[in-house]
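For reference, the structure discussed in these notes is given below.
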Amino acid sequence: MNSASDWLARIRGLPLPERVRVMNVCGGHERSITMAGLRHALPQNIELIPGPGCPVCICPEEDIYEAIQLALHEHVILVAYGDMLRVPVNVPRAQARSLEAARAQGADIRPIASPVEAARVARAHPDTPVILFAAGFETTTAPTAALLVEGVPDNLFILLSGRLTWPAVAMLLNSGTPGFDALVAPGHVATIMGPEEWDFVVNMHDIPAAVAGFTAESLLAALYSTLRQLIEGRRFLDNCYPEVVRPGGNRLAQQHLHQTMDVSDANWRGVGVIPDSGFVLNERYRAHDARVHFHSYTDDARRRAGEMPPGCDCAKVVLGRIYPNECRLFGVACQPRHPIGPCMVSDEGACRIWWSGGMREPVRKGVTLTA
Ligand code: SF4
């Protein structure tokens, strides 16, 4: 197997175009790229662009608001993945602006790491409704589906905010200004849904693509593959994570998803509605749907409902239109200890990754990502 330095040498030996933009759509990929310092090791003409790879960043503001209100006003225990607790919503300062703030006001909100923990909490408190705020991409939503299929306690309800990754990339490609020349496809998502899900990038849009794992070697192998495809004018979806990503993906996980959920148009925070990009519980699991069982706290009169906080450019960061450090609040008003937007909260958010990885200055002055 080639080492990272072997792959770097191969990439440096390629007759690269003046500028080539390669997007990744996975927070784990962005973290590996940043922490390994790959941007600085690669030739200057290669731009690695973080794209829509953070489920916390794109979770609709109104869903987080709903979770906060349910926790505050219903006699429930609300469990959520740890990252979600600090994501701010747009409400007046006197009100709870995050799940963490609601917890400080007395709501019973508990961080969890997996849906199994939610079932455990529900079984430990059989007389109290427990709401699992299930926000995430395919990799997080599939375990929730598995839990439902296996059977959950009657007092467990799901506030589902699941999203599919590929429709966001399709939206960028269909926009006419995708802002990238090649794609590194997400290894975890491909493990579940199958690498074939990304064939459309190659077949319909003539954009080179390769599925990557999370080591520097795998990421560089995928990058090398896409660059060679570009240079040689060939196109194919390359699987550079074959030890984990198998043709067809994880059929059982897909079966669980099909058994419990439908796919619908869905809102992405700051981005808007993307066709066929959301999971919703199907009729069979209606009895466990928190949106059916509880009063809705949706308030269309709220100012800036659904939007990013004022001044936050998270939506542009998520879509790869700007680098995190091109947001004027980056590192000034917005830092991990006092985040303004969701991209600085989540471990998968590009702003937080860049800040934590010491990427606090513009990488290439004067470069604007907009196509
Ligand atoms: S630096 Fe903060 S305010 Fe700016 S885009 Fe990132 S999260 Fe939003």
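Computed from a predicted model, the values in this text were never measured in an experiment.
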Using atom types as modelled and distance alone, determine if a side-chain donor or acceptor of [X] lies under 3.5 Å from a backbone N or O of [Y].
X	Y	value
Ser225	Ala221	no
Asn155	His125	yes
Ser218	Gly213	yes
Gln229	Phe236	yes
Glu18	Asn45	no
His288	Leu156	yes
Arg110	Ala118	no
Asp83	Asp347	yes
Asp238	Cys240	no
Ser346	Glu348	yes

Could you check whether atom NE2 of His75 has more than 12 heavy atoms from other residues, nucleotides or ligands sitting under 6.0 Å from it?
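No - once you tally the heavy atoms of other residues, nucleotides and ligands closer than 6.0 Å, there are 12 at most.
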
Crowding at NE2, His73 (>12 non-hydrogen neighbours, <6.0 Å)
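Yes - once you tally the heavy atoms of other residues, nucleotides and ligands closer than 6.0 Å, there are more than 12.
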
Give the intermediate values and the outcome of side chain to side chain contact (heavy atoms under 4.5 Å, CB included) for residues Arg321 and Leu172.
CA-CA 10 Å; Arg321 300 302 191 199; Leu172 282 173; 3.8 Å; yes

Could you tell me the separation between the [atom1] atom of [X] and the [atom2] atom of [Y], rounded to the nearest 0.5 Å?
X	Y	atom1	atom2	result
Thr128	Ile77	OG1	CD1	5.0 Å
Ser98	Met84	OG	CE	10.0 Å
Ile158	Leu148	CD1	CG	5.0 Å
Leu281	Thr144	CG	OG1	9.0 Å
Leu227	Leu14	CG	CG	6.0 Å
Thr177	Leu319	OG1	CG	10.0 Å

Examine [X] and [Y] and state if one hydrophobic cluster contains both, with Ile, Leu, Val, Met, Phe, Trp and Tyr joined whenever side-chain heavy atoms are less than 4.5 Å apart.
X	Y	result
Phe157	Val121	no
Val25	Phe180	yes
Leu223	Leu16	yes
Val130	Leu132	yes
Val245	Phe200	yes

Check [X] against [Y] and note the closest heavy-atom contact, atom names and distance.
X	Y	answer
Pro50	Leu48	CD-O, 3.6 Å
Ser32	Leu219	CB-CD1, 3.5 Å
Val318	Cys343	CG2-SG, 4.0 Å
Ile322	Cys327	CD1-N, 4.0 Å
Arg269	Pro309	NH2-CD, 3.8 Å
Gly179	Ile49	O-CD1, 3.4 Å

Taking side chain as C-beta onward, heavy atoms only, is [X] less than 4.5 Å from [Y]?
X	Y	answer
Thr140	Tyr81	yes
Ile192	Val189	no
Pro195	Arg246	no
Trp198	Leu183	yes
Pro186	Val211	no
Ile11	Leu42	yes
Met261	Asn282	no
Pro88	Val345	yes

Step by step, work out the salt bridge (charged side-chain N to carboxylate O under 4.0 Å, His left out) result for Glu100 and Arg103.
CA-CA 5 Å; Glu100 194 175 57; Arg103 185 160 68 160; 5.2 Å; no

Of all residues at least two apart in sequence or in a different chain, which pass the disulfide (SG to SG under 2.5 Å) check with Cys351?
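Not a single residue meets the disulfide (SG to SG under 2.5 Å) criterion with Cys351.
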
Side chain to side chain donor-acceptor pair (under 3.5 Å) against Trp268, all qualifying residues, sequence neighbours excluded
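For Trp268 the side chain to side chain donor-acceptor pair (under 3.5 Å) partners, ignoring immediate neighbours, are Ser277.
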
Which is it for Val263 and Leu164 under the side chain to side chain contact (heavy atoms under 4.5 Å, CB included) test, yes or no, and what are the steps along the way?
CA-CA 9 Å; Val263 170; Leu164 290 105; 4.0 Å; yes

Salt bridge (charged side-chain N to carboxylate O under 4.0 Å, His left out) evaluation trace for Arg19 with Glu47:
CA-CA 8 Å; Arg19 182 189 186 200; Glu47 293 178 37; 2.7 Å; yes

Test of ring centre spacing under 6.0 Å for Trp355 and Phe330
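Yes, the ring of Trp355 comes within the 6.0 Å limit of the ring of Phe330, centre to centre.
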
Please report whether the ring centroid of Phe214 lies less than 6.0 Å from that of His188.
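Judged by ring-centre distance (under 6.0 Å), His188 and Phe214 do meet the cut-off.
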
Only pairs at least two apart or in different chains count here, so list each disulfide (SG to SG under 2.5 Å) that has a residue in residues 45-80.
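Qualifying pairs: Cys54-Cys57.
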
Would Glu30 and Asn24 count as having a side-chain donor-acceptor pair, cut-off 3.5 Å?
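Their side chains do contain a donor-acceptor pair, which is all the 3.5 Å distance test asks for.
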
Determine whether the side chains of Tyr297 and Glu74 contain a donor N or O and an acceptor N or O closer than 3.5 Å.
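Side-chain D/A pair, Tyr297 to Glu74: present.
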
Cation over ring face, Arg163 and Phe137, 6.0 Å, 45°:
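No, Arg163 does not sit over the ring of Phe137.
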
In sequence, state the C-alpha distance, the side-chain angles, and the governing distance for Arg302 and Glu307, and then conclude on salt bridge (charged side-chain N to carboxylate O under 4.0 Å, His left out).
CA-CA 11 Å; Arg302 276 196 313 125; Glu307 295 180 24; over 6 Å; no

Quick one: do Thr260 and Gln255 satisfy side chain to side chain contact (heavy atoms under 4.5 Å, CB included)? Show the steps, please.
CA-CA 9 Å; Thr260 57; Gln255 199 180 312; over 6 Å; no

Assess the residue pair Glu62 and Thr298 against the criterion (side chain to side chain donor-acceptor pair (under 3.5 Å)); give the C-alpha distance rounded to whole Å, side-chain angles, the decisive distance to 0.1 Å, and a yes or no.
CA-CA 7 Å; Glu62 57 270 26; Thr298 302; over 6 Å; no

Apply side chain to side chain contact (heavy atoms under 4.5 Å, CB included) to residues Val79 and Phe133 and explain how you reach the verdict.
CA-CA 6 Å; Val79 297; Phe133 182 25; over 6 Å; no

Does Arg123 come within less than 4.0 Å of Asp154, counting only side-chain N to carboxylate O?
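Salt bridge: no.
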
